[in-house]
There are 2 protein chains.
Amino acid sequence: MNKVFHAITEKQQDAATANASDMTSDYQLEDQVGFILRCVNQRHLSIFSRLIPDLTPTQFSALAKLCETGQASQNELGRMIAIDAATIKGVVDRLKLRGLISSESQPSDLRRLILKPTAEGRQLFEQIGAAALKVSEETLRPLSDKERHLFIRLLMKLR
Amino acid sequence: MNKVFHAITEKQQDAATANASDMTSDYQLEDQVGFILRCVNQRHLSIFSRLIPDLTPTQFSALAKLCETGQASQNELGRMIAIDAATIKGVVDRLKLRGLISSESQPSDLRRLILKPTAEGRQLFEQIGAAALKVSEETLRPLSDKERHLFIRLLMKLR
DNA sequence: CACAAACTGTTAGCATACAAACTAATTTGC
DNA sequence: GCAAATTAGTTTGTATGCTAACAGTTTGTG
């Protein structure tokens with residue numbers, strides 16, 4: 001397989017500034033932050049779906065945020081959890097279909113749909129809340145406590 | 001926060017609401033590693049598509065790995081860049097459609113499709129290689145050099 | 001007031017991503 | 001030697017996630 005795993009950013013910085021004529025020799029896909037990010041995300045999604053088979057991470061985010069705020073319009077909810085208007089529609093539709101949230105038109109602004117968690121939605125959120133914390137714990141398990149805090153701090157800077 | 005009103009809501013039918021405020025107080029979506037990971041990935045994808053509009057990150061990964069290895073079977077390629085068999089098929093189809101890679105059946109094992117980058121594929125890879133390194137650089141820009149190395153090291157541990 | 005600008009939700013189209021079920025070809029194990 | 005297990009690739013279905021275009025609604029400005 002591939003043996004080059006630990007030649008981190010040395011090469012990419014050189015090549016970023018220099019003129020790379022032979023990409024193949026100095027470009028290592030495995031060292032690129034985007035590639036590793038995707039792999040880590042992949043692992044996280046796998047942990048999530050194992051510990052919380054009932055909801056996707058996105059659905060859980062939407063439900064959690066709605067439980068936290070009490071109510072929100074559809075696009076507002078999307079903005080709060082960084083999901084665009086086109087995507088949040090599908091997420092909301094599926095949560096509504098399962099009876100976890102409700103929607104009603106807002107009389108003072110006919111464009112808006114006011115979303116609220118249903119009793120079932122709140123109950124489910126309570127049920128899986130502990131598991132959600134376990135997901136984070138398991139995702140970060142390869143790191144020490146000190147490293148975890150450091151990692152989260154750095155990760156937040158890259159948002 | 002609304003613990004003050006606990007006595008009031010407690011009697012109501014929606015005890016779930018009272019529980020929800022408990023959960024809300026110790027669960028912060030924004031602090032969960034999975035949520036931030038998704039946001040950082042989002043930012044990275046945005047940088048990538050701005051600097052490299054020609055290919056998606058996944059397509060670039062496939063092309064880059066194929067240029068590096070010279071050739072590989074379809075599933076083999078998928079395994080090397082952490083893409084499952086169902087997904088890699090679409091990626092390969094689109095790269096073939098654009099003439100960036102070629103495929104031929106392997107006589108010694110009729111199940112296998114041997115993929116190779118075409119001359120155009122190699123040329124494109126060379127062309128956008130520098131931009132690919134810039135993507136990593138811009139993604140990590142909020143961090144100092146020291147922090148970048150540290151971050152990549154921690155990120156790799158979480159793969 | 002009129003009208004352009006901005007906003008809300010919707011739709012269509014494209015590209016990952018993953019699970020599950022399936023065919024065909026090859027390898028293993030007895 | 002041959003049935004069983006494994007592997008390669010395909011297909012279907014579901015869910016994100018993004019862009020672009022669109023219709024209503026509301027707002028801001030002249």
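Here is how names work: the chains are called A, B, and so on, in the same order as the sequence lines, proteins then strands, and each is numbered from 1. This structure is a prediction, so every number in the text was calculated from the model and none was measured.
Per the geometry, NZ belonging to A:Lys96 stands 7 Å off P belonging to C:dT10, to the nearest Å. Counting to the nearest Å, the C1' atom of D:dG9 and the CD atom of B:Glu104 are 16 Å from each other. Note: CD (B:Gln42) to P (C:dT16) measures 17 Å, nearest angstrom. The nearest whole Å value for the distance from the CG atom in B:Leu37 to the P atom in D:dG17 is 12 Å. Rounded to whole Å, atom P of D:dT16 lies 9 Å from atom CG of A:Leu55. In this entry the distance linking CZ of A:Arg94 with C1' of D:dG17 reads 11 Å, nearest Å.
Under a 4.0 Å N-O distance rule, the pair B:Lys65/B:Glu68 qualifies as a salt bridge. The pair A:Glu137-A:Arg141 counts as a salt bridge, with a side-chain nitrogen and a carboxylate oxygen less than 4.0 angstrom apart.
Remark: the B:Ser102 side chain and the B:Lys96 side chain contain no N/O donor-acceptor pair separated by less than 3.5 Å.
Residue A:Gln106 has no polar side-chain atom (N or O) positioned under 4.0 Å from OP1 or OP2 of C:dT8. The side chain of B:Ser46 contributes no N or O atom lying less than 4.0 Å from OP1 or OP2 of D:dC18. Residue B:Thr58 places at least one side-chain N or O under 4.0 Å from the OP1 or OP2 atom of C:dA17. Side-chain nitrogen and oxygen atoms of B:Arg38 include at least one within less than 4.0 Å of the OP1 or OP2 phosphate oxygen of D:dG17. Taking only side-chain nitrogens and oxygens, A:Ser73 comes nearer than 4.0 Å to OP1 or OP2 of C:dG9.
A donor-acceptor contact under 3.5 Å is formed by the side chain of A:Arg111 with the base of D:dT25.
Between A:Arg79 and B:Asn41, the one whose closest nucleotide on DNA chain C sits nearer the 5' end is A:Arg79.
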